[in-house]
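Here's the structure we're looking at; comments come further down.
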Amino acid sequence: MNKVITVSLNGNAYQMDEDGYNTLAAYLSRAETKLRGSADHREVIADLERSIADKCANFLRPHKNVVSGAEITQILNEMGPVQTPEVGSIESEPSKAEAPPLRSETVIGGSSRRRRLYRIREGSKWAGVCTGMAAFTDMDVSIIRVMFVLATFCAAFFGLLVYIVLIFVLPVAYTESEVAAAHSRPPELRHT
Amino acid sequence: MALDQKFSTIRKGLLEFLILKIVAADKVYVADILSLLGDTEFATQEGTLYPLLGKMRREDLVSYDWQESDTGPPRKYYKLTAAGRKQLAEFNEYWKSLNTFINQAGR
């Protein structure tokens, strides 16, 4: 049994296994780092994503709707490493997508991505503390809720106390940039 | 430095002008460029081509139109701008003079 992750590439949802996701996340993160200097790097990344999405679609059939890690590796080998065109930054070409699966939450968007803990109202049961913590830590929100409930009943209402304090301490993420900062992953790679 | 690596450096510098030539000849999208270069010394990949086309677009050498396709999502078809045509003409001149010089050098 493999875990399947849904990602949005250029506006369409694709399902891939965890290996595939890690490999793709590392590739796009390296692409972003390489291209960040140019004004319209978002457009080039979108071009790359569109092309990867096309290639993913080729691997899907009516009874096969998950792209495997091996298929993602094949797709990225076909894409080739992202190279900046500036002469002078010529490097030796690695022949394949050299992607040791990275812990994507630490690399995506690079170090410049501002992150902080927010409350997130969308999908929340009460004040959005658990959804905010789930987005920040990239954990399943149910696990965090269970931890709060356990901490409430097993430790003299400690969980409830912490929850109430956090309602007052944490701001709610309203704007797009706040929502982005609340999540450990950029939107195109976020679980749906 | 291995011989092939030296040639590879030369090819990289020439790729941009080759793309100007290809785009000048016909309206093309990325898959056309890849397949035109596919069996040549200049075979390249999308990871190289998209950033390069992005740079050429920023420099206003190429522009593109979206066109619907029968078989899949819409495609970006590239064409040369006036600046692109001018640069291609300059490149052709430069290439000729380089060739002449290299052929005559050391005789």
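Chain letters run A, B, ... following the sequence lines, proteins first and then strands; every chain starts at 1.
No continuous path of hydrophobic side-chain contacts links A:V141 to A:V162 [ILVMFWY only; heavy atoms under 4.5 Å]. A continuous path of hydrophobic side-chain contacts links A:F148 to A:W126 [ILVMFWY only; heavy atoms under 4.5 Å]. By the rule that hydrophobic residues join a cluster once side-chain heavy atoms approach within less than 4.5 Å of another member, B:F17 and B:V62 end up as members of one cluster. Cluster annotation: A:I52 and A:V4 are assigned to distinct hydrophobic clusters (Ile/Leu/Val/Met/Phe/Trp/Tyr, side-chain heavy-atom contacts under 4.5 Å, transitive).
Rounding to the nearest 0.5 Å gives a distance of 11.5 Å between CD of B:E46 and CZ of A:R50. Atoms OG and CG, from A:S51 and B:L49 in turn, are 9.5 Å apart once rounded to the nearest 0.5 Å. Put simply, OG1 on B:T44 and CD on A:Q83 are 8.0 Å apart, with the number rounded to the nearest 0.5 Å.
By the neighbour-count criterion of 12 heavy atoms within 6.0 Å, atom CG of B:D39 is sparsely surrounded, having that number or fewer from other residues, nucleotides or ligands. A 6.0 Å sphere centred on NZ of B:K21 holds no more than 12 heavy atoms belonging to other residues, nucleotides or ligands. Crowding of A:K64 atom NZ: a count of heavy atoms from other residues, nucleotides or ligands under 6.0 Å exceeding 12.
For A:D47 against B:Y50, the heavy-atom pair with the smallest separation is CB-CD2, 3.3 Å. The two residues B:P51 and A:V82 have their closest heavy-atom pair at CG-CG1, 3.9 Å. Scanning all heavy atoms of the two residues, the minimum distance from A:Y27 to B:G47 falls at OH-CA, 4.2 Å.
Annotation: side chain of A:V44 is in contact with side chain of B:R57 (closest heavy-atom distance under 4.5 Å).
Within the 3.5 Å criterion, the main-chain N or O of A:N77 finds a donor-acceptor partner in the side chain of B:Q45.
For A:N12, no part sits under 4.5 Å from any heavy atom of chain B, backbone or side chain.
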